[in-house]
Amino acid sequence: MATIGLLALQGDYQKHGECFESLGVSTIKVRCPDDLKRIDGLVMPGGESTTIGKLIEREGLAEPLVERIRSGMAVFATCAGLILLAKEVTGYDQVHLSVLDVDVARNAYGRQIESFEVDIESPFFGPPPIRGVFIRAPLIKRYGDDVEVLAEYEHVPVLVRRQKILAASFHPELTDDLRIQEYFLTFL
Ligand code: GLN
């Protein structure tokens with residue numbers, strides 16, 4: 001039986017845990033390198049990417065995380081989690097793992113900078129639309145050729161996949177629609 005790790009340094013990892021538990025998947029909190037040995041997939045939650053990044057360094061998690069992700073561990077990242085996976089974080093000199101070939105701009109949704117909700121049509125998931133909850137969301141400014149776009153909002157990717165990495169600029173864990181989580185479980 002697969003176990004999902006929740007990167008539990010800061011942010012809304014608990015909500016992610018509830019979603020996976022409701023799908024019958026067990027979760028554990030990941031706070032140190034040893035915890036990584038017990039998991040089959042990892043959630044990198046929303047929160048404050050600068051804080052999470054500093055804690056990743058402090059706990060000695062950066063290197064083991066990169067190693068596991070590069071060797072094919074499934075990762076589901078939302079919002080700050082996406083920032084932490086990105087190759088470039090525009091204008092910020094902050095910890096990030098550079099394992100996903102996207103460049104992001106933090107807090108970059110114009111006047112809707114704080115938060116907004118919108119229905120997102122995703123040809124990949126089909127109807128009904130995905131409810132996108134955006135909270136001071138990062139904007140994907142560039143993505144590599146091998147990054148697949150699963151959903152867009154205003155012609156900007158908001159849900160992307162590369163191999164076993166799935167990353168959203170919004171917060172699927174804040175709705176009752178678990179299609180994205182169910183899809184992620186197929187990576188395990
Ligand atoms: N604005 C946050 C950051 O830059 C991300 C917000 C979120 O995760 N909801 O880290």
Side-chain angles (χ1 to χ4, degrees), residues 4-20 27 29-31 41-59 61-62 65-66 69 74-120 122 129-143 147 149-154 156-162 165-181 184:
I4 300 268
L6 309 168
L7 186 65
L9 300 171
Q10 190 266 340
D12 83 329
Y13 55 88
Q14 200 162 333
K15 279 275 174 215
H16 281 281
E18 288 165 17
C19 293
F20 284 107
T27 63
K29 295 187 184 76
V30 170
R31 293 193 167 121
L42 179 72
V43 172
M44 296 183 61
E48 196 52 48
S49 60
T50 45
T51 306
I52 300 173
K54 279 181 196 154
L55 294 172
I56 282 175
E57 289 241 295
R58 192 185 77 184
E59 299 307 318
L61 271 163
L65 267 176
V66 169
I69 296 169
V75 183
F76 177 35
T78 57
C79 207
L82 163 64
I83 297 168
L84 286 159
L85 293 181
K87 191 161 214 170
E88 292 286 340
V89 184
T90 310
Y92 286 88
D93 181 19
Q94 66 181 78
V95 176
H96 58 106
L97 303 177
S98 297
V99 288
L100 178 62
D101 188 16
V102 299
D103 297 346
V104 296
R106 294 176 62 195
N107 306 324
Y109 274 88
R111 281 183 297 149
Q112 295 164 317
I113 199 153
E114 281 306 321
S115 67
F116 63 100
E117 281 190 43
V118 70
D119 279 341
I120 298 164
S122 162
I130 292 165
R131 189 74 181 152
V133 181
F134 290 79
I135 305 169
R136 297 172 56 239
L139 187 108
I140 297 178
K141 292 176 57 181
R142 185 202 61 81
Y143 58 97
V147 173
V149 177
L150 304 183
E152 285 183 340
Y153 167 61
E154 292 184 335
V156 173
V158 292
L159 179 65
V160 297
R161 181 183 89 98
R162 184 180 171 272
I165 298 178
L166 181 65
S169 46
F170 58 99
H171 288 270
E173 77 284 5
L174 298 181
T175 70
D176 295 332
D177 181 355
L178 298 178
R179 283 177 293 168
I180 295 174
Q181 287 87 346
F184 175 67

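For ligands, and for the atoms within them, numbers begin at 1 and follow the listed sequence.
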- request: Measure up the Phe134 and Phe116 rings against each other and bin them: parallel (under 30°), tilted (30 to 60°), perpendicular (over 60°).
  value: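 Parallel, since the angle between the ring planes stays under 30°.
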
message: List the residues meeting side chain to side chain donor-acceptor pair (under 3.5 Å) with Thr27, not counting sequence neighbours, and say none if there are none.
response: Glu21

- prompt: Between Glu57 and Lys54, does a salt bridge (Lys or Arg N to Asp or Glu O under 4.0 Å) hold up when you go through it step by step?
  reply: CA-CA 5 Å; Glu57 289 241 295; Lys54 279 181 196 154; over 6 Å; no

query: Can you check salt bridge (Lys or Arg N to Asp or Glu O under 4.0 Å) on Asp101 and Lys87, steps first, answer last?
result: CA-CA 5 Å; Asp101 188 16; Lys87 191 161 214 170; 3.8 Å; yes

query: Which heavy-atom pair separates Asp119 from Pro129 by the least distance, and what is that distance?
result: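 Closest approach of Asp119 to Pro129: CB-CB, 3.9 Å.
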
Residue shell around ligand 1, heavy atom under 4.0 angstrom: Gly46, Gly47, Glu48, Ser49, Cys79, Ala80, Ile83, Arg106, Asn107, Ile135, Arg136, His171

- request: Measure the CZ-CG distance between Arg162 and Leu85 for me, rounded to the nearest 0.5 Å.
  value: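 Separation between the atoms: 11.5 Å.
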
